[in-house]
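Comments concern the structure below.
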Protein chains: 2
Amino acid sequence: MGLKLTPQRMAILEYLEGNTEHPSAETVYRAVKQRFPTMSFATVYNTLERLRERGGLLELTIDPSRKRYDPNTDPHHHLICLKCKRIVDVKADFKLNVPEEQRKDFKVTGTHVEFYGVCPECG
Amino acid sequence: MGLKLTPQRMAILEYLEGNTEHPSAETVYRAVKQRFPTMSFATVYNTLERLRERGGLLELTIDPSRKRYDPNTDPHHHLICLKCKRIVDVKADFKLNVPEEQRKDFKVTGTHVEFYGVCPECG
DNA sequence: GTACGTGCAAAGGTTTTGCATTACA
DNA sequence: TGTAATGCAAAACCTTTGCACGTAC
């Protein structure tokens with residue numbers, strides 16, 4: 001029922017633990033492949049998806065070219081550099097609501113604020 | 001300097017004008033292809049990109065599986081149905097700021113709020 | 001022994017690109 | 001006429017899937 005903790009999964013979990021880089025699947029793959037040369041994309045995607053459905057991981061759609069993953073599942077928001085695609089956490093509780101007259105029976109279950117800009121390095 | 005107003009582009013512009021469906025490139029392609037059977041994806045992507053760089057169109061990254069386009073460039077936000085991927089405009093001015101202590105020389109140029117939920121049809 | 005995970009390769013879907021032709025300004 | 005757009009096909013990219021093999025309980 002629970003996730004089987006294979007060595008490959010342990011390596012992925014360790015890589016993600018406390019990671020604030022919001023890595024893409026390929027970034028995860030390259031990182032863990034150093035320790036597991038036989039690591040495949042299938043295992044990375046499989047594990048990320050298992051984690052996501054268990055609520056242990058967020059799939060971010062903030063980067064237009066690829067999915068990014070966030071092991072921080074506490075409610076928070078993001079700031080993205082439009083040049084280098086770096087994503088930075090924004091810890092704030094904004095208490096936002098869809099105006100009643102526009103909600104029209106939509107059941108709102110989550111809120112995410114994206115800030116766009118240019119990071120110090122891309123200046 | 002300006003966009004050449006070819007018949008194909010006119011058809012794309014007319015399709016987008018006032019459109020609140022947040023169509024994907026393929027949706028635009030299928031719609032305009034009815035009037036221009038020779039319309040190609042290259043022309044659709046080319047035109048959407050030209051419009052975007054001129055600020056006449058927003059590229060939304062809210063749908064994980066494909067880019068969506070929004071001809072409404074007034075500041076607004078979105079509500080997405082996690083089941084059918086329908087996107088609804090949210091007109092509200094939330095006045096959000098990245099907390100000073102987290103901004104760290106990031107130049108913030110835009111803000112976008114995503115609300116997630118389930119629409120009335122998907123129940 | 002059975003259910004699940006892994007790894008490889010292939011397939012699927014979206015977006016981009018090269019290039020010859022055509023059309024606009 | 002010269003520059004830019006079109007259309008087709010192929011390529012590039014990211015992600016998912018099929019399947020044979022391996023591993024854990």
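Just so we're clear, the structure is a prediction, and the values are computed from it rather than from any experiment. All chains are named by letter (A, B, ...) in the order of the sequence lines, taking the proteins before the strands, and each is independently numbered beginning at 1.
Within the 4.0 angstrom heavy-atom criterion, only backbone atoms of the sugar-phosphate kind lie near B/S65; the bases stay farther away.
Per the geometry, NZ belonging to B/K33 stands 12 Å off C1' belonging to D/dT6, to the nearest Å. Atom P of nucleotide C/dG13 and atom CG of B/D63 are separated by 15 Å, given to the nearest angstrom. Between the OH atom of B/Y29 and the C1' atom of C/dG13 there is a distance of 15 Å, given to the nearest Å. Spacing between atom CD of A/E26 and atom C1' of D/dA12 amounts to 13 Å, rounded to whole angstrom units. Taking atom CE on B/M39 and atom C1' on D/dA9, their separation rounds to 18 Å, with Å as the unit. Distance B/R9 CZ to C/dT22 C1': 14 Å, rounded to the nearest Å. Atom C1' of nucleotide C/dT22 and atom CZ of B/F36 are separated by 14 Å, given to the nearest angstrom. Here D/dT15 presents its P atom at 12 Å from CG of A/L60, a figure rounded to the nearest Å.
Hydrophobic cluster membership differs between A/L16 and A/I87, with clusters built from Ile, Leu, Val, Met, Phe, Trp and Tyr side chains linked at under 4.5 angstrom. Residue A/Y29 is grouped with residue A/F36 when hydrophobic side chains (ILVMFWY) are merged at heavy-atom distances under 4.5 angstrom, including chains of intermediate members.
Residue-environment remark: CD (A/E101) exceeds the threshold of 12 foreign heavy atoms within 6.0 Å. Within 6.0 Å of the CD atom in A/E17, the count of heavy atoms belonging to other residues, nucleotides or ligands does not exceed 12.
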Sequence neighbours left out, cut at 3.5 Å: what donor-acceptor pairs do the side chains of residues 113-123 of chain A make with other protein atoms?
from, atom 1, to, atom 2, distance (Å)
A/E114, OE1, A/Y116, OH, 2.4
A/E114, OE1, B/H112, ND1, 3.2
A/E121, OE1, A/R86, NH1, 3.0
A/E121, OE1, A/R86, NH2, 2.8

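In this model, the phosphate group of D/dC13 is not approached by any side-chain N or O of B/K67 to a distance below 4.0 Å at OP1 or OP2. Of the side-chain N and O atoms in B/T6, one or more sit less than 4.0 angstrom from OP1 or OP2 of D/dT6. Considering only side-chain N and O atoms, A/R66 lies nowhere under 4.0 angstrom from the phosphate OP1 or OP2 of D/dT15. Contact between the side-chain N/O atoms of B/Q8 and the OP1/OP2 oxygens of C/dA23 is not found at any separation under 4.0 Å.
Using the six-membered ring where Trp is involved, B/H22 and B/H78 have ring planes that are perpendicular, over 60° apart on the 30 and 60° scheme.
Axis angle, first five pairs versus last five pairs of the helix from C/dG1-D/dC25 to C/dA25-D/dT1: 30°, rounded to 10°.
Taking every heavy atom of residues 40-53 of chain A and every atom of DNA chain D, pairs under 4.0 Å involve A/A42, A/Y45, by number.
Note on B/K67 versus B/E26: no salt bridge recorded, every NZ/NE/NH1/NH2 to OD/OE distance being 4.0 Å or above. Salt bridge B/R68/B/D63: present, at least one basic N to carboxylate O contact under 4.0 Å.
When only modelled atom types and interatomic distance are considered, A/D93 and A/H76 share no side-chain donor-acceptor pair under 3.5 Å.
With C/dC24, D/dC8, D/dA24 as the choices, the nucleotide that has an atom nearest any side-chain atom of B/K4 turns out to be C/dC24.
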